[in-house]
Amino acid sequence: PLLLLLLLLGCLQARLAERGDPELRAEAEAFLEKYGYLTEQTAKAPAPTRFSNAVREFQWVSQLPISGVLDQATLRQMTRPRCGVADADSHSSWTERIRVLFPGPRAQMSRKKRFARPGNNKWYKQHLSYRLVNWPEHLPESAVRGAVRAAFQVWSNVSALEFWEAPSTGPADIRLTFFQGDHNDGLDNAFDGPGGALAHAFLPRRGEAHFDRDERWSLSRRRGRNLFVVLAHEIGHTLGLAHSPAPRALMAPYYKRLGRDALLSWDDVLAVQRLYGKPLGRSVATQLPGKLFTDFEAWDLHSSQVKHPDIQGPKYCHYSFDAITVDGQQRLSIFKGSHFWEVAADGNVSEPRPLQDRWPGLPPNIEAAAVSLEDGDFYFFKGSRCWRFRGSKPVWGHPQKCRAGGLPRHPDAALFFPPLRRLILFKGARYYVLARGGLQVEPYYPRSMQDWAGVPEEIMGALPRSDGSIVFFRDDQYWRLDQATLRVTTSGRWASELPWMGCWNANSGGALF
Ligand SMILES: *[C@@H]1O[C@H](CO)[C@@H](O)[C@H](O)[C@H]1NC(C)=O
Ligand SMILES: *[C@@H]1O[C@H](CO)[C@@H](O)[C@H](O)[C@H]1NC(C)=O
């Protein structure tokens, strides 16, 4: 009977959406107008036809089943984070490209053009300069610059374009800027905080790409919005590319997920080559899989050991870390990539040491770690696997598949929570209390992070302190929570405000943050 009820409710909901709850419909209309689906050119048709045509067009661009009906899937798609540029030109540009690919009778069969052709929306030179005007302060400058360089390279590698970074005082063809809220692009283009429109850019030859400063941008494997894919997409607009309806296109209005496939789809390559031609004097570069571009902080960490020997203090102070934990002697272990650092209670930091030296068989880039203050063992979590070490000896022989016990995949952080004497895993907006032994989630969990009043979602690490507080970390911020009341008492920046994090010397030496 419960199943039946659920089915019934599901039908009812779908029906409601179809009939168009007036409020939802008004929201959908505003959305379709903002993104160029309800334009002057379509204004002559009767309103209901106009609306369902617009929905149809939106479903086509978003690769949803084309029904012209405002169903659940379509409504859901409208709330997903996306590029703020309108989709108006995507159909006509796509038709153009298809015509070039398949000349002949097929071309006549393709749909009628509904939008103006993007006429002279291109640059009339092939050497373009760019400037990064500002960037999110919690990201290391060199990692951001590396990501911007690579994002331009994505396009220059497959076309005759070349890019160079302009000096900070001179003019630049393309400028990348982070703005908050309304920034004089009209109220319709004001940034809307986390989610919604993440960025937008102007077609040539204005040369501007704008990014929402209030997003939680990330250039590491940690959760947050991958800045690189948004940079590469918006740069595509500054070159004159419209949104693409092709599957897995970088220029799709909903930013591509970085996976095993190449960053640019065939349609992206075709689009940029139609405007600027193929690379000069060299064969087209082989394309790298998108997932190689998920961790610029790690790349940078690697190369900066050669390039900036003058950076002071341990590297984790300048970047985010993978995981953090503390043992019974109040000694911290901080993990990043294939290394870890130990920080004594007085803030004295060790040299970085390879994980393998201490915990043989442990892979790099672990996601969560905690020392159990019951037995002194180290617990590590990555993907759906987990490890337990007593000293350097694995307790379980091989890594366990933790999924079976209800543990979340890819946890954000692990914590030994003294009041319960249990390990806790955090993931997104939820937390999981583990039974003793660490492989089974206790009944009634996961629960919402709202239980930890004032602590944000998607944390990066958590620690019990000997004064009875719990400290949570995310990006460059920390939150101190009182164990008894479960309320946040203070917050701030960990590298400069918590001497026991071992970054004190690094910070007194120069302005790092
Ligand atoms: C561009 O091509 C070069 C040479 O093939 C390659 O080393 C580089 O990684 C490519 N860059 C991107 C962003 O694909
Ligand atoms: C800090 O630790 C190092 C070993 O990692 C040691 O040689 C040094 O004496 C310690 N310094 C202080 C002030 O404790």
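Both counts, for ligands and for their atoms, begin at 1 and track the order of listing.
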Is it true that the NZ or CZ of R82 lies under 6.0 Å from the centre of Y254's six-membered ring and within 45 degrees of the ring axis? yes
Below 4.0 angstrom from a heavy atom of A150, which ligand 1 atoms are there? Numbered from 1 as shown, please. 13 (C)
Contact atoms of ligand 1, heavy-atom distance to V154 under 4.0 Å: 13 (C)
Kindly indicate whether a cation-pi arrangement holds for R358 with F378, taking the cut-offs as under 6.0 Å to the six-membered ring centre and within 45° of the axis. yes
Would you say W494's side chain and D475's backbone share a donor-acceptor pair under 3.5 angstrom? yes
K122 to Y276 six-membered ring, cation-pi geometry met (6.0 Å, 45°): yes
Show which atoms of ligand 1 fall inside a sub-4.0 Å distance from at least one heavy-atom site of L288. 9 (O), 14 (O)
